[in-house]
Amino acid sequence: MFVAMNRFKINEGHEAAFEEVWRNRDSRLKQVPGFQTFHLLKGDFDQDSRTTLYASHTIWGSRDDFVAWTRSDHFRQAHANAGDTKGMYAGHPQFEGFEAVLEE
């Protein structure tokens, strides 16, 4: 199993619009070999930076499945309009990938 996460810091006042982008996206993940599940997680609001932390969380059968998706037309189509959300993000998303070493 492989878990892929992107952490996003969203500028104050843009939280609803950010969530709407995710709700209305043309996700084709269920068509991608190895994809298992997706979650969008919302963290706390940071008073100092005036941002809210979010994380996208996908579970894949393997790292190879995830990498294959990142090289696919599905991936390119899913990220085609990423530049349309300027002002929403406080910096670039931070990717984190994890391979399962213990499962119960």
Practice item. State whether the side chain of N24 and the backbone N or O of V21 hold a donor-acceptor pair below 3.5 Å, judged by distance alone. Key: no
Exercise for review: Answer whether the closest heavy-atom distance between the side chains of V3 and H57 falls below 4.5 Å.
Suggested key: yes
Exercise for review: Could you list the residues that satisfy side chain to side chain donor-acceptor pair (under 3.5 Å) with E99, not counting sequence neighbours?
Suggested key: R63
Check your understanding: How about S56 and W22: do any of their side-chain heavy atoms sit closer than 4.5 Å?
Key -> yes
Review point. Any side-chain heavy atom of I10 within less than 4.5 Å of one from M88?
Key: yes
Review point. Are any of the side-chain heavy atoms of R7 and F95 separated by less than 4.5 Å?
Key: no
Practice item. Check whether NZ of the Lys or CZ of the Arg R25 lies under 6.0 Å from the centre of the six-membered ring of F38 and within 45 degrees of that ring's axis. Key: yes
**Study point:** From L40 atom CG to N6 atom CG, the distance as rounded to the nearest 0.5 Å
**Key:** 11.0 Å
**Study point:** Between T58 and W60, a side-chain donor and acceptor under 3.5 Å
**Key:** yes
**Study point:** CZ on R28 to CG on D73, rounded to 0.5 Å
**Key:** 9.5 Å
Check your understanding: Quick check: does any side chain N or O of E15 sit under 3.5 Å from a backbone N or O of G13, one acting as donor and the other as acceptor?
Key -> yes
Review point. Looking at D65 and P33, what are the two nearest heavy atoms and their distance?
Key: CB-O, 3.8 Å
**Study point:** Side chain to side chain, R50 and F45, heavy atoms closer than 4.5 Å
**Key:** yes
Point to revise | Parallel, tilted or perpendicular: rings of F66 and W69 (30°, 60°) | key: tilted
Check your understanding: Would a distance-only check, ignoring hydrogens and angles, find a side-chain to backbone donor-acceptor pair under 3.5 Å from N11 to G87?
Key -> yes
**Study point:** Connected via hydrophobic side-chain network under 4.5 Å: V67 and I59
**Key:** no
**Study point:** Side-chain ion pair, K42 and E19, N-O less than 4.0 Å
**Key:** yes
Check your understanding: Should F18 and L53 be regarded as members of a common hydrophobic cluster, given that ILVMFWY residues are connected when their side-chain heavy atoms come within less than 4.5 Å of each other, either directly or indirectly?
Key -> no
Point to revise | T52 side chain near K9 side chain, heavy-atom distance below 4.5 Å | key: no
Point to revise | Output field: ring centroids F8/Y54 closer than 6.0 Å | key: no
Practice item. Check the pair M5, F98 against side chain to side chain contact (heavy atoms under 4.5 Å, CB included), reporting the backbone distance first and the verdict last. Key: CA-CA 8 Å; M5 296 181 70; F98 303 91; 4.2 Å; yes
